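Owing to the predicted nature of the structure, the values given are computational and were not obtained by experimental measurement. In this chain, residues are counted from 1 in sequence order. Counting starts at 1 for both ligands and their atoms, following the listed order.
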Amino acid sequence: MQSHLSNEISAILANKASADESMGIKSKFEKDEQRANRFSKQLDDLFFDFSKSHIDQELVDTYLKYADEISLVAARKDFLAGEKINNTEERSVLHTLLRDSSNQGIATKEPSVLQEAKLAQQGFAEQFARIEQALDQRSKPIKDIIHVGIGGSSLGTQLLFEALQDANEHRQIHFIGNIDAHQLMNVFAKCDVQTTLVIGVSKTFTTAETLKNLDSICQWFKDNGVTDPLSNFFGVTANPEQASHYGLPDENVVTFPEWVGGRYSVWSSVSLSAALVLGKDRFDEFLIGAASMDKHFYQADLKDNVCFQAAILDHYYANYMDVGSKAIFAYDFRFRSLVDYLQQLETESNGKDRTRDGEPCEQKTSMVVWGGVGTDVQHSVFQMLHQGTSLIPSEFILVKTPDHDLTEHHNELLANGIAQTAALLEGQDLSTVEAIHGDEGLSDAAKKAKVFSGDRPSLTILLERLTPTALGALLAFYEHRVFFGGVLTNINSFDQMGVELGKRLAKQVRPLIDNKRATGTEFDPSTELLLSKLI
Ligand code: F6P
């Protein structure tokens, strides 16, 4: 087995890329009438259309060969079998067990892990029931939950809550992540300590922002006459000792296993706050949806596997078509936090320059992930998407049936999303401009400015409806695509060493700001100058 891209495969892909650059995507439709069907797939309530990308049989076959060379299928099995695929931290990666503790029949290396997963699921169910009962018995019902956590300890839960909440939920969740207290002030202005519950979420329970925010919220409770604030605080963590050390009563600490990574933790008790609002049943359906995508990820042949198809396109674009970023546009307001979530998932997992062996990675890893919500984005960044000089593959997520009855709004929304994918593909040539604007007396420059090159790739994902199961399946699709991306580039997708240096330096900068010192530090002249401006 080899871990790198062979010269032979690399040469095939490089040749293919130059052909693709000159031939584009439209010509692929001309050559193959069945292309739309051939490169799309219905999986339960999700429909994936890859046909408006550069995917074709040659691309799939070449990557199948590459997958073979690097034993990608074995890597997938190692992941699900609980091998310590997070090699730099010597950890297994088993969050999929939280969606289906039978693990799709895959033998785990350590059978005790399956037991641990079952216990984690049961433990969460029991803790959830106990907490709900306690909340029901309060004389003043809880109206607001402040969810304190950052990165993986909040982005998934926020997405889950926003995607599935309905307009009349009996409780609101306010998410506090950043150390910036402007966010806290906003939340304090909206909440009443008598009817507010605080849930501090941190895998390590050592994250500076989270602990400081919890301290300030605790003080806010005290300032408002609550003598025992921590009785209103719950902690969710994989490090219960640290939560106890913080001062939380043991019965208020909910745990999850160490083998659940932060950005893969939305499936665990990390989502306690969302489950307390949406109900545990909806949360369980979310897990079921993810488990069905897990099954596809594991059981479908690579050639039919949507997670693999998406991953090879990412790899191809980044490595052979000089693509530096990809954009995700959800045409649904309820997905307004999706990009933040996927950004962390992909960039924190695959934004790495070292291989699993610590050698410089010679392939391009994670692209920049950005995007927004349609149709808002059409009135801002879409100019660049259609006519900019960089090729930016984009993804459109549309929901067929809305949960409101303003059909005209929804049809307009869908029409816009679909039209964008068609416009990116088709473009508009000068003769079409002449035909449309011929009698308007436009200058040559104005006419040329209306030309769109087209042949800009997109992937469309249609959801029947935004249900918990569809959401679970969608997020699991993205997770597995990231996994395959990591294997294709031979990196460890499950550590995040790149976030540490900044945290360490912040600890050195802080006393300089506190003590108003900007000279004679160990920092560079630019940093010293900036410090001098701040103090
Ligand atoms: O800063 C990176 C990170 O470790 C993320 O990976 C993680 O999701 C986040 O911080 C929060 O960490 P914790 O859950 O331990 O507070």
Side-chain angles (χ1 to χ4, degrees), residues 85-95 98 120 124 146-161 175-180 183-184 198-217 233-248 253-274 337-352 365-366 369 475 478-479 482-483 486 491-507 509-510:
I85 61 166
N86 178 354
N87 61 315
T88 52
E89 296 178 315
E90 293 191 40
R91 283 190 194 145
S92 306
V93 177
L94 285 164
H95 54 273
L98 296 176
F124 179 36
I146 306 181
H147 177 120
V148 185
I150 196 158
S153 286
S154 124
L155 293 171
T157 312
Q158 181 160 2
L159 167 63
L160 175 66
F161 169 65
F175 291 89
I176 295 286
N178 202 326
I179 192 71
D180 183 345
Q183 204 184 5
L184 269 182
V198 180
I199 303 184
V201 183
S202 173
K203 180 172 177 183
T204 55
F205 233 84
T206 57
T207 300
E209 292 96 323
T210 301
L211 297 184
K212 184 69 195 160
N213 280 324
L214 285 172
D215 286 349
S216 298
I217 298 171
F233 282 46
F234 283 83
V236 179
T237 185
N239 189 355
E241 293 76 28
Q242 201 57 39
S244 297
H245 179 71
Y246 179 79
L248 291 179
V253 177
V254 181
T255 57
F256 63 91
E258 179 64 37
W259 38 253
V260 178
R263 56 192 172 275
Y264 298 90
S265 63
V266 64
W267 321 100
S268 72
S269 50
V270 160
S271 292
L272 173 65
S273 61
S337 291
L338 181 67
V339 171
D340 287 348
Y341 174 79
L342 295 179
Q343 201 172 56
Q344 186 201 19
L345 176 65
E346 177 137 4
T347 58
E348 198 169 75
S349 297
N350 286 350
K352 304 195 174 146
T365 58
S366 172
V369 177
L475 301 193
Y478 277 102
E479 280 186 358
V482 165
F483 168 80
I491 57 171
N492 174 6
S493 301
F494 299 101
D495 62 8
Q496 54 284 319
M497 307 299 184
V499 300
E500 296 305 326
L501 176 60
K503 285 189 203 170
R504 183 163 71 71
L505 294 193
K507 287 205 176 98
V509 172
R510 174 67 193 276

Are the side chain of [X] and the backbone of [Y] linked by a donor-acceptor contact shorter than 3.5 Å?
X	Y	result
Ser349	Leu345	yes
Asn213	Glu209	yes
Thr365	Lys352	yes

In the protein, which heavy atom is nearest to [atom], and how far is it?
atom	value
atom 7 (C) of ligand 1	Gly152 N, 3.9 Å
atom 11 (C) of ligand 1	Ile150 O, 3.2 Å
atom 15 (O) of ligand 1	Thr204 OG1, 2.6 Å
atom 10 (O) of ligand 1	Lys503 NZ, 4.6 Å

Hey, is Gln496 touching ligand 1 through its side chain, its backbone, both or neither, going by heavy atoms under 4.0 Å?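 The answer is the side chain.
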Which of the numbered atoms in ligand 1 are below 4.0 angstrom from a heavy atom of Val499?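 Every atom of ligand 1 under 4.0 Å from some heavy atom of Val499: 1 (O), 2 (C).
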Suppose I only count heavy atoms of Ser202 and a 4.0 Å limit; which atoms of ligand 1 are within that range?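 Close to Ser202: 13 (P), 14 (O), 15 (O), 16 (O).
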With a 6.0 Å cut-off on the ring centroids, do Tyr478 and Tyr341 count as close? no
Out of Glu348, Glu209, Arg263, whose heavy atom is nearest to atom 5 (C) of ligand 1?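 Answer by nearest heavy atom: Glu348.
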Which option out of Leu211, Asn239, Thr207, Val270 puts a heavy atom nearest to atom 12 (O) of ligand 1? Thr207
Note: Arg91-Asp495 ion pair, threshold 4.0 Å (strictly below): no
Tell me yes or no: between the side chains of Gln183 and Asp180, is some donor less than 3.5 Å from an acceptor? no
Go through the side-chain N and O atoms of His95 and Glu479 and say whether any donor and acceptor fall under 3.5 Å apart. yes
Does ligand 1 come near enough to Thr210 that some N or O of the ligand is less than 3.5 Å from an N or O of the residue? no
